[in-house]
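A quick write-up on the structure given underneath.
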Amino acid sequence: MPVARQATIKSPPQYTEFHPRWYRPKVSVYWWLGERHYLKFILRELSSVFVAVFVVETLMLINALRSGPEAYAQFLQSMQNPPVIVLNVISLFFVVFHTITWFNLAPSATPVRMGGKRLPDAMIAGPAYLAWIVISVFICWLVLR
Amino acid sequence: MADKIVLEIARYSPESDHEPHFESYEVPVKREWVVLDALNHIKDNVDGSLTYRWSCRMGICGSCGMMVNGEPKLTCATFLSSYARNGNKIRVEPLRYFPVIRDLVTEIGGFMQKLKKAQPWLMRASNDQLSEGTYLQTPEQLDRYKQFSMCINCTLCYAACPVVGLDPVFIGPAALALAQRYNMDSRDQGAAERTATLAHPEGVWGCTFVGECTRVCPKHVDPAGAIQQYKIAAVIDWLKSFVTPRGRDAGSQAGND
Amino acid sequence: MSAQCNWQNVLTYSSAKALVGKAADSPYGRNLSATTVHQIPFAFQFRGEENVRVWRSCDALVAGRSPGVSVEASSHDVLLIGGGAAGLRAAIAAAEVNPKLNIAVVSKVYPMRSHTVSAEGGAAGVAKPDDSLDEHAYDTVSGGDWLSDQDAVEAFVAEAPQELAQLERWGCPWNREPDGHIAVRAFGGMRKMRTWFAADKTGFHMLHTLFQTTLKYQPISRYDEWFVTKLLVDDGVVRGVVAIELMSGRIQAILAKAVILCTGGCGRVFPFTTNANIKSGDGMALAFRAGAPLKDMEFVQYHPTGLPFTGILITEAARAEGGYMLNKDGYRYLQDYNLGKPEPKPVLRCMELGPRDRLSQAFVHEHYKGRTTETPYGPVVHLDLRHLGEKLINAKLPFVRELCQKYQNIDPVRELIPVRPVVHYMMGGVSTDIHGATPLHGLYAAGEVACVSLNGANRLGSNSLPECLVFGNRAGKAAAEFASQQEIGNGAVLAQAADEENRLKSEFLNKTGGHERIATIRTEMQTTVEQSAGIYREESLLREGLHKIMELQERYQDINLDDRSHTFNTELESALELGFMLDVAQSMVASAMHRTESRGAHQRTDFPMRNDEKFLAHSLLYRNFDGSARVEYSPVTIKRWPPGERVYGQQAQHPDAQAVQRVS
C-alpha cells in the first residue's frame, strides 16, 4: 500500500500553465562538510597554508643565519616555544599529507607512454616516493650526525 | 538478505509543490534487481506518477543517473542487494547541481550547451575530401585518446563536482574530457581553436582537481586526468606562443604537425 | 510593447527581468511570479539557442496572451522524428544537400540516449582486397532468405563502405590494424571478414560521433524530449506532426515540408528483448495510422545470445572471436542442425557463425529435446568463452565481460555465460523504396523503422548500422529535394492538430473512471505476442493471439492514469507508447497469420517449407477506415541472384568458407 502523499502546500504554488518552475536547490557555504571526499579535498587544499608556514620558517632561519650567532640563537629559542612546536607538528602532518596526495594525483596529470602502452600509475608515483624518502633520510642524517 | 527494502524517493511536482519532499515505498528485494527495477515496480504497481528517465538498462545510454544514498549512480547498475545486506534504506534523489523539473528528472539543457562549447568534432586545417579514403591511425594512436572517448554523457560527474555546483558557468568535467579526447586524436587539428575557448576560468582553469568526477564515473573515463593533461598542454602551448614565429601551433597536442 | 521577443536580444538576466516586469502589467502577466522571472533567463541560456519554443513563451507573456489557447505551431523544411544513427545521418545529409534548409530533429529522448548506442558488434562494409561487393550482396540476399530487394541490396553494399569511411573522417574511433588501416572481423552469415568495429561498442561510438558532428551544422536544430503523437496529413501529403513537449506538457504542431521517420524498431512488444524501453514502435504505428503500409511485419529477429533475466545483448562478436554454444551436456549442439562440423577455431558461415534465425531455431529444438538448462528465468544454453583467454577478452570483448560480471555475476574468462534467444530486431517496418520514400507523399523512413527491404526475412549481423547510414543518407537527400519544392501546410492541418490536442486531453489527462493499469495491459500484450508470434508459429495460436490483442485494444480505452500533471508526464508517454505497441503487435500477428510458409525468421510449424511461388513477395499491411487491417502482397525485386538454398556449414565442400585469422 503506498504511503499517503503528504500535503506540504501552505499557500497556492505559483505555477503558470506550461511553464513549470524548475527547483534550484541552493548550494550551502558548508558544502564541503557534508561529505568525506569533499572534506579531504578541502584539507588537501588547506595543507598548502602549512607548507607556506614551513617556507616562512625556513626563510626566517636563513635570515637568522645571515644576521649572526645571537640572531641564530634567538631563532632557535623561539622555535622551542610550546605553541610553535605544536604548530610545527601540525604543519609536518599537513606537509606529509600534501606530499602523499600530490604524488598520488600526479600520474593522472602526466601519463607516460612506453612501448605503445600507458605505464601504470604506480610506476610514476613509486620513484617519486622513493626519491622523497631517500632525500629525507639523507638530510636527517646530515642534521643529526 | 532481507526480502523487502524501503526506498525514500524525492518527489516534486511544480504544479503542486514549492519544493521536493520525500515519500517512502516498500519494494521486494530480488537478487537480480537494480534500483531501476524497484522504481519500475513502484511506477507500474503502486504510484504511476513517479517520474524518472531510463532507457537501455545496461549502463550505456546514460539516462538513469540519480543520487542513491548521496552518491551519484546509474540506477540501472546499482543493485538493491548491496543495500539490503546492511538493512539500510535507499534514498533516491535527482542528480545534484542541476535544476529539477519533476521528481527525479533534471534539466540538462545547460549541459548540452556546455558540450557544444567544447567543439567536440574533428577539425581539419584544410577541407580534405572523402575520396582520399580514411585517415591512418595506428592502434597506439587510438589508445592515447580511447579512454576519454568512452563518456556516455550521464552527467554523474557534474553531480559530483563542487565547482559545477558553486559556479554554474564552469563547463564541467565531461565537456572538457570530450575536448581533450579530440585534442589527443591524431586525426584532429583543432586543438588550438578549442584551447582558445577553453583555457579560461570557466573552462579548464576552473577545475581545482577535486577528483570526484573520476571517482564516480561509471565508464572510468577519468575526466580529472583529462583536464589536468589539458592544463599542462595549454600552458605549454602558451609558452610556445612566445617562442615560435607563427604563434600557436595547430594540432601540437597530437603531434601531427 | 511589441509582440516580437527575439531571444537573441535577451541575453542577460537583467534585461530578461526588465522584459518580464513590463509584461507583469498585462492581464496574463499578473500570474507571473518571481520564480518565473528566475526561470526565463536560464531558459534562454540553457534551452533557448536552437529552440524556437522558449522565445515563443516569452512572446506570449509579453503580448499578454495566455499560452494554450490555440495550438501554436513552428515550421521547418525537413523534420526528422528520432535522433539515432539514421535520424542524425539523414539530418546531416539534408543539411549538406541544401545548407539553406531549416532542419529539425524531434526526439523523445536526448539523441545520445537513442538505442543505436547499445549496438555492440560492428558495421559491415567491403574493405579488404580479397572481398567484393557481390559477395556481400550475396551473403545479405541469402541471409535474408531471398526476400531482400536486390536493387536495394546492390545500392547498400556499394554505399556502405563509403558511409563507414565518412564516419571515420568525422572522427569515429574504428579499431585498426598495426599499419593504421581499418581492422575488420568476422561476423555471422558473412563469408568474408568485412565487419568494421570499435572495440565492442560500435553503436556507441557511431552515435556519439554522429551526434557530435551534427553540433557543428547550424541549420540543424533539435526538439529534445518532445513526443510525437500523430502525423498530420492533408490531401494525401504529410505536412507535419503533433508533439508534446515533455518538459512542460505543451502540445504543439510542428509543420514540415518533409518528414523522415527514424524511430527504430519495436522490441518492447515482446517480454524478453535486447531493446531499450524507448523501442515501442512509435514510427511504425504513426505511419500505419496515417495510411502508409507496413511491410513484412511478421519477420522478427531473435538474437541467439541474450542474458536470461534482463535480456541484455551478448554480442555476436563473442561468437565471431571463437565462442562456443553448448547445451546442458557441454555439447556443441549446432552441429546437429545443418550448420557444419565443430572446429576449434571459428569458421565463417558455420556453426556459431551461422545466421541468427537458424541459431535461435536450434535453441527451440534443443529445448524440446530437453537439452537446455532450466533457470528461474526460463531455459538457457551456455556460451563458452573460456578458451579465448583473458587477454583477448579484455582486448576485443571488454564490454561483454563487464556486462556478464555486473548483471550475471559471472566472469566469462572462467565461467560459462547463460544465454537464450531474445528479440533483437524488426526486419519489417514502414514500406519504403530505395530512396527512403514511403507511398505517402512527404513521408520518408530510414533505419530499423523502415523496410526497404534490405534484410529480407532475416538480417545478418553488422548490416543494420550501415543500413541506418546508407538509407539515412538517401532519405535525407530525397526529403531535402522534396522539401525544396513544397509549400508549408495551412489551416486545415492546424485544425487537425487542435483536434489531436483535445483527444489527448479527453482520452488521457482529463478522463475519469478508467480501471485498467498500463502495466497490466502491457504485460499481457507481451506474453500474448511471445506465445503466438515467437520463434515458431502456428495458425491457431496466431488466431488466438490476434483475438487477444484486439481485446487488449478494447481494454486500452479504459486506461486510468495516476499522473494528471502536465510536467514531464511519463505515464502519459507510456500510455501513448502502449497504444502504438498494440497497433504494431496487431500488425505483426496479422501478417504472420497470412504468410502460410516458413522463411527466414518466420517459421510456421504447420507450413514448414518455403513457398516461392506464392510467397516470394512482401506482405503489405494497410489500415482500413474502420480500423481493421488488410494484407496485400508485392513481389520481391530479384535481379542477379535467383532464389536458392540457404547453405551454411559445409566448410569441407564450400570453396568460399575459410578459417578465420585472428587479428591481434
Side-chain angles (χ1 to χ4, degrees), chain A residues 1-46 48 98 101-102 104-121 124-125, chain B residues 6 8 10-26 42 45-47 49-50 70-71 93-94 96-102 106-107 138-141 143-144 147 160 162 164-168 208-212 214-216 222 224-232:
Chain A
M1 279 300 289
V3 173
R5 208 168 302 197
Q6 303 145 31
T8 54
I9 328 300
K10 294 175 193 76
S11 58
Q14 303 295 297
Y15 170 69
T16 314
E17 205 188 22
F18 305 131
H19 293 269
R21 191 184 78 225
W22 303 337
Y23 177 69
R24 294 171 191 278
K26 293 270 175 291
V27 180
S28 148
V29 162
Y30 302 106
W31 59 270
W32 47 280
L33 282 175
E35 279 200 29
R36 211 187 75 220
H37 296 280
Y38 285 166
L39 185 62
K40 200 165 153 221
F41 161 71
I42 291 291
L43 288 176
R44 184 191 93 198
E45 299 291 288
L46 274 178
S48 51
H98 181 101
T101 50
W102 180 266
N104 288 343
L105 289 176
S108 63
T110 50
V112 174
R113 301 189 73 90
M114 263 173 60
K117 289 238 172 292
R118 185 174 156 169
L119 289 180
D121 284 357
I124 302 173
Chain B
V6 172
E8 271 179 10
R11 305 297 306 271
Y12 170 67
S13 174
E15 292 165 53
S16 54
D17 299 335
H18 279 293
E19 56 184 28
H21 60 276
F22 282 89
E23 289 189 12
S24 295
Y25 304 90
E26 201 176 35
I42 297 169
N45 303 312
V46 178
D47 182 357
S49 66
L50 179 60
E71 277 282 299
E93 295 165 278
R96 210 169 26 189
Y97 309 142
F98 284 100
V100 181
I101 299 175
R102 173 97 192 268
T106 54
E107 166 58 25
T138 62
E140 201 261 323
Q141 286 173 320
D143 197 52
R144 276 173 192 266
Q147 187 186 17
V164 166
L166 294 165
D167 181 8
T208 52
F209 206 170
V210 180
E212 278 294 278
T214 293
R215 192 180 65 82
V216 302
D222 191 14
I227 298 173
Q228 310 321 308
Q229 291 170 33
Y230 200 166
K231 284 179 185 171
I232 293 176

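Throughout, protein chains are lettered first and strands after them, A, B, ... in sequence-line order, and every chain is numbered starting at 1.
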Considering all heavy atoms of both residues, which atom of [X] and which atom of [Y] are nearest to each other, and what is their separation?
X	Y	value
B:Gln228	A:Ala109	CB-CB, 3.4 Å
B:Glu19	A:Arg21	N-NH2, 4.5 Å
B:Pro162	A:Trp31	CB-CZ3, 3.3 Å

Is any side-chain heavy atom of [Y] closer than 4.5 Å to one of [X]?
X	Y	result
A:Pro20	B:Glu15	no
A:Trp22	B:Arg102	no
A:Ser108	B:Thr214	no
B:Pro20	A:Tyr23	yes

Carboxylate-amine/guanidinium proximity below 4.0 Å for A:Glu35 and B:Arg96 | yes

Tell me whether A:Lys117 is salt-bridged to B:Glu140, with the criterion being a basic N under 4.0 Å from an acidic carboxylate O. no

Under 4.5 Å to a heavy atom of chain B? For A:Phe41 that would be side chain

Turns out that what part of A:Ile42 lies under 4.5 Å from chain B's heavy atoms comes down to neither

One should read off an interatomic distance between A:Arg113 CZ and B:Arg144 CZ, to the nearest 0.5 angstrom, of 5.5 Å

Could you tell me which portion of [X] (side chain, backbone, both or neither) has an atom closer than 4.5 angstrom to a non-hydrogen atom of chain A?
X	result
B:Thr208	both
B:Asp222	side chain
B:Tyr97	side chain

Counting heavy-atom pairs under 4.5 angstrom with chain B, the leader among A:Arg44, A:Lys40, A:Lys26, A:Arg118 is A:Arg44

